[in-house]
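FYI, side chains are in, hydrogens and waters are out, and symmetry mates aren't considered; it's all heavy atoms of this structure. Nothing here was measured: the structure is a model prediction, and the numbers come from that model. By convention in this document, chain letters (A, B, ...) are assigned in the order of the sequence lines, proteins followed by strands, and residues within each chain are numbered from 1.
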There are 2 protein chains.
Amino acid sequence: MANIKEIARVAGVSITTVSRVLNNHPYVSKEKRAAVLHTIEQLNYTRNMNAVHLITGRTKAIAVILPYIHFFYFSVIVEGLAREALLAQYRLILCQTDYRPEEELKVLDMLRNKEIDGVIIVSTALQPEVIEEYTAYGPIVTCQDSGERRFSSVYIEHYSAFRHGLEYLAAKGYHNIGYCEGRKHGSSSSIRQSAYRDFLAETELPFLEEWMIFDCITEEDGAAVLHRLLNMTKRPDAIIISGDHVAAGLIIEAQKHNLRIPADLAIIGFDNQPIGRLLGITTIDNQLFEMGACAFRIIHDQINGDGGPPVHLKLEYSIIERLTV
Amino acid sequence: MANIKEIARVAGVSITTVSRVLNNHPYVSKEKRAAVLHTIEQLNYTRNMNAVHLITGRTKAIAVILPYIHFFYFSVIVEGLAREALLAQYRLILCQTDYRPEEELKVLDMLRNKEIDGVIIVSTALQPEVIEEYTAYGPIVTCQDSGERRFSSVYIEHYSAFRHGLEYLAAKGYHNIGYCEGRKHGSSSSIRQSAYRDFLAETELPFLEEWMIFDCITEEDGAAVLHRLLNMTKRPDAIIISGDHVAAGLIIEAQKHNLRIPADLAIIGFDNQPIGRLLGITTIDNQLFEMGACAFRIIHDQINGDGGPPVHLKLEYSIIERLTV
DNA sequence: ACTTGCTGTGAAATCCATTCCATATTTTAT
DNA sequence: ATAAAATATGGAATGGATTTCACAGCAAGT
């Protein structure tokens with residue numbers, strides 16, 4: 001396979017000149033440029049990018065850490081990332097780590113290894129302190145609210161968004177409010193739990209341990225929630241659910257059992273998913289696509305700019321009123 | 001930043017010895033190994049992987065070409081890919097190309113550039129002939145039925161699967177069968193269209209141009225389909241829809257308009273999505289996760305094995321009978 | 001006529017690890 | 001005791017580009 005040296009030899013110029021042509025540098029005469037381009041064509045030459053990466057110390061690649069890709073939440077964020085990456089001609093390395101810390105650390109090590117120019121953490125099992133140690137090796141952006149860390153973040157305020165949802169339900173006259181969550185442990189999950197507990201405590205609304213339902217990941221988990229609700233001696237009259245698809249599961253199952261929404265059970269979801277739009281689910285929009293897009297733009301700026309202080313960008317959520325409250 | 005030379009100097013050994021330790025090669029004395037490891041620790045050294053990639057000519061990275069990630073179909077295939085990639089300790093480079101040929105070609109060029117060890121094409125706008133030209137530079141696997149090409153593939157037989165669905169509807173007594181498709185142009189889309197036309201022609205069932213409905217991508221497109229159906233003078237009594245989420249949109253909208261499923265309209269979907277399970281949609285399961293997993297295993301074998309002839313792996317689909325037919 | 005600045009060109013250093021080859025020492029087999 | 005094999009180690013070539021530096025020629029400014 002031809003290399004730059006070969007091109008130089010055949011074209012009768014120096015290696016430097018070939019490199020200049022390759023990189024569109026000035027100060028190459030028309031004749032030599034043409035000769036080089038012709039030789040490149042003729043020998044079917046392409047640059048070995050690994051050599052370029054080695055000498056430049058850049059790869060135009062960014063790693064994305066997330067646990068799974070086939071969840072709506074993650075896939076929309078990645079969609080936002082990918083759109084911007086395409087525009088900026090960067091590569092995204094999808095590092096699906098299943099929330100395994102050792103795998104996530106391997107990805108951060110890629111930053112030390114110079115394999116990548118930055119890391120975008122969509123969701124992680126790692127502590128912020130651990131992530132901070134890697135800021136020495138390159139820019140890192142999270143899509144979680146991690147406080148004033150040495151790495152950047154794009155986030156919505158889950159505490160506030162969640163409370164807003166609860167206040168909305170309370171204002172509509174619902175006083176027995178349940179709560180559905182995905183993972184029990186997890187940074188934004190914990191924030192939402194505190195918001196829930198704090199709100200109920202402050203407003204002196206009833207709090208039952210069994211009204212906090214965890215591990216609701218899929219549509220079918222949502223359907224299962226209905227049966228748990230039906231078996232309760234005291235049942236909530238409203239429920240806040242992280243994920244419209246889970247809410248959809250609950251609603252569809254509720255229809256089968258003639259439970260009226262919102263008369264018997266009010267529901268507010270999250271993520272503003274298409275299925276929620278269709279079913280008329282009242283939801284909290286958290287700008288997932290925009291979050292991905294912003295995360296990319298931030299890291300891109302940090303890679304190509306001054307590499308100044310970390311950016312903390314708060315996105316605004318909004319409650320979309322529909323028919324389930 | 002420390003490099004291997006520095007480690008060798010400080011540890012008082014040769015560069016070769018450091019490399020041996022790094023790569024777990026035999027023939028290094030306990031003492032020297034310990035000294036090297038200690039120095040590595042002390043100087044906080046890590047390999048520059050770009051140098052490794054350059055000299056070895058391998059990157060343990062595989063590019064994945066697809067148009068969007070936030071569609072169920074693609075995200076589940078990628079989930080399958082990612083699981084296997086994690087096991088094999090390979091990196092996936094997500095190349096979301098929006099079906100732009102020029103971007104897809106750039107990805108294939110990465111194979112020439114030695115940036116990646118292989119390419120998995122989940123869905124593409126390129127012609128098979130174009131893809132074949134790149135097989136010279138490394139292994140390529142598609143998740144589409146492309147015939148006996150010089151690149152590998154994992155696929156289900158869309159023609160046969162689609163006909164099977166139609167036969168199933170016909171056998172159940174439905175004779176006016178409509179058809180909902182995502183993109184009008186596209187390789188598996190065209191195959192399904194032929195299957196539809198062929199079947200109707202052969203069985204002499206009624207064929208109306210307006211019963212072929214295209215650009216049904218989202219749940220909401222599915223809902224829109226209902227309104228098109230309602231406005232038809234002659235309406236199909238059954239419909240086959242590529243994508244359960246689109247079917248779900250149609251079904252949910254149908255409920256709102258008191259159209260009974262399947263009495264007024266039978267529906268068969270594709271992909272065996274969770275939302276379909278929940279709504280009891282009869283569907284054709286096309287093993288998306290498995291398709292991704294197999295695609296990865298095939299390319300992994302080709303990279304690390306003999307690099308023999310292309311593999312063409314056919315996966316079996318199955319009709320899952322539920323309540324909408 | 002003379003400095004300054006721009007254009008054009010190439011030699012050589014650099015990025016950093018892997019690996020082939022040569023050599024030295026020690027162990028095992030005959 | 002001696003040949004053969006295994007262990008241990010390092011020198012130097014290699015992979016393929018970018019970039020700094022030095023220098024030459026030529027046009028413009030004073």
Side-chain angles (χ1 to χ4, degrees), chain A residues 1-37 39-40 43-61 109-117 137-138 304, chain B residues 1-37 39-40 43-61 109-117 137-138 304:
Chain A
M1 196 61 61
N3 59 22
I4 195 173
K5 199 169 156 187
E6 177 84 354
I7 300 296
R9 196 181 56 74
V10 175
V13 300
S14 72
I15 291 175
T16 313
T17 299
V18 179
S19 178
R20 286 205 183 91
V21 173
L22 250 22
N23 294 288
N24 283 313
H25 282 308
Y27 305 147
V28 180
S29 66
K30 266 201 295 291
E31 300 75 38
K32 300 222 165 178
R33 166 162 277 125
V36 168
L37 288 174
T39 310
I40 285 173
L43 301 189
N44 189 27
Y45 166 82
T46 42
R47 266 188 283 207
N48 182 322
M49 291 309 287
N50 295 136
V52 177
H53 295 160
L54 172 60
I55 192 126
T56 60
R58 305 281 221 82
T59 56
K60 291 193 82 175
D109 274 326
M110 290 170 72
L111 206 51
R112 291 177 66 191
N113 291 343
K114 310 269 187 188
E115 271 186 273
I116 51 176
D117 295 348
Y137 307 112
N304 297 294
Chain B
M1 196 61 62
N3 59 22
I4 197 174
K5 199 169 155 188
E6 177 83 353
I7 300 297
R9 196 180 56 74
V10 176
V13 299
S14 73
I15 291 174
T16 313
T17 299
V18 178
S19 178
R20 288 205 181 90
V21 173
L22 250 23
N23 294 288
N24 283 314
H25 282 308
Y27 305 147
V28 180
S29 66
K30 268 200 294 291
E31 300 74 39
K32 299 221 167 179
R33 167 162 277 124
V36 168
L37 289 174
T39 310
I40 285 172
L43 300 189
N44 189 27
Y45 165 81
T46 41
R47 269 189 282 209
N48 182 322
M49 291 309 287
N50 294 136
V52 177
H53 295 160
L54 172 59
I55 193 127
T56 60
R58 305 279 221 83
T59 56
K60 292 195 81 174
D109 273 326
M110 291 170 72
L111 206 51
R112 291 178 65 190
N113 291 342
K114 310 270 188 187
E115 272 185 274
I116 50 175
D117 294 347
Y137 307 113
N304 297 294

Report task. Kindly write out the residues that satisfy salt bridge (Lys or Arg N to Asp or Glu O under 4.0 Å) with B:Arg112, not counting sequence neighbours, or none if the list is empty. Result ->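 Applying salt bridge (Lys or Arg N to Asp or Glu O under 4.0 Å) to B:Arg112 gives B:Asp109.
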Query raised in the report: Residues two or more places apart in sequence or in another chain: which of them pass side-chain contact (heavy atoms from CB on, under 4.5 Å) with B:Ala34?
Result: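 side-chain contact (heavy atoms from CB on, under 4.5 Å) check on B:Ala34 returns nothing, list empty.
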[X] versus [Y]: any side-chain heavy-atom pair under 4.5 Å?
X: A:Thr56; Y: B:Asn50; value: no
X: A:Val21; Y: A:Ile7; value: no
X: B:Thr16; Y: B:His25; value: no

Report task. Please work out which residues in residues 45-58 of chain B have a non-hydrogen atom less than 4.0 Å from an atom of DNA chain D and list them by number. Result ->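 Heavy-atom contacts with DNA chain D come from B:Ala51, B:Leu54, B:Ile55.
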Report task. Tell me which residues in residues 16-33 of chain B put a heavy atom below 4.0 Å from DNA chain D, sorted by number, or none. Result ->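 Listed by number, they are B:Thr16, B:Thr17, B:Arg20, B:Tyr27, B:Val28, B:Ser29, B:Lys32.
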**Report entry** Helical bend (five base pairs per end, nearest 10°) for the helix from C:dA1-D:dT30 to C:dT30-D:dA1
**Finding:**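 Here the local axes at opposite ends form an angle of 30°.
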Query raised in the report: Which heavy atom in B:His53 sits nearest to a heavy atom in A:Glu115, and how many Å separate them?
Result: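 Looking at all heavy atoms of both residues, the closest pair is CE1-OE2, 3.7 Å.
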Query raised in the report: Which heavy atom of A:Asp117 sits nearest a heavy atom of A:Lys60, and at what distance?
Result: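 For A:Asp117 versus A:Lys60, the nearest heavy atoms are OD2-N, 2.8 Å.
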Spacing between [X] atom [atom1] and [N] atom [atom2], to the nearest angstrom:
X: B:Asn113; N: D:dG16; atom1: CG; atom2: C1'; value: 12 Å
X: A:Leu43; N: D:dG16; atom1: CG; atom2: P; value: 14 Å
X: A:Lys5; N: D:dA13; atom1: NZ; atom2: C1'; value: 11 Å
X: B:Lys114; N: D:dT14; atom1: NZ; atom2: P; value: 18 Å
X: A:Ile4; N: D:dT14; atom1: CD1; atom2: P; value: 18 Å

**Report entry** Under 3.5 Å donor-acceptor, B:Thr39 side chain and B:Ala35 backbone
**Finding:**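 Such a contact is found between B:Thr39 side chain and B:Ala35 backbone.
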Query - Euclidean distance, B:Arg33 CZ relative to B:Asn24 CG, rounded to 0.5 Å - result: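 Taking CG in B:Asn24 and CZ in B:Arg33, the distance rounds to 6.5 Å.
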Query raised in the report: Can you tell me how far CE of B:Met49 sits from OG1 of A:Thr59, rounded to the nearest 0.5 angstrom?
Result: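 Separation between the atoms: 12.5 Å.
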Query - Contact list for residues 1-11 of chain A, test salt bridge (charged side-chain N to carboxylate O under 4.0 Å, His left out), sequence neighbours left out - result: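 The answer is A:Glu6-A:Arg9.
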Query raised in the report: Which listed nucleotide (D:dG10, D:dT18, C:dC16) is nearest to the side chain of A:Ile15?
Result: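 For A:Ile15, the side-chain atoms sit closest to D:dT18.
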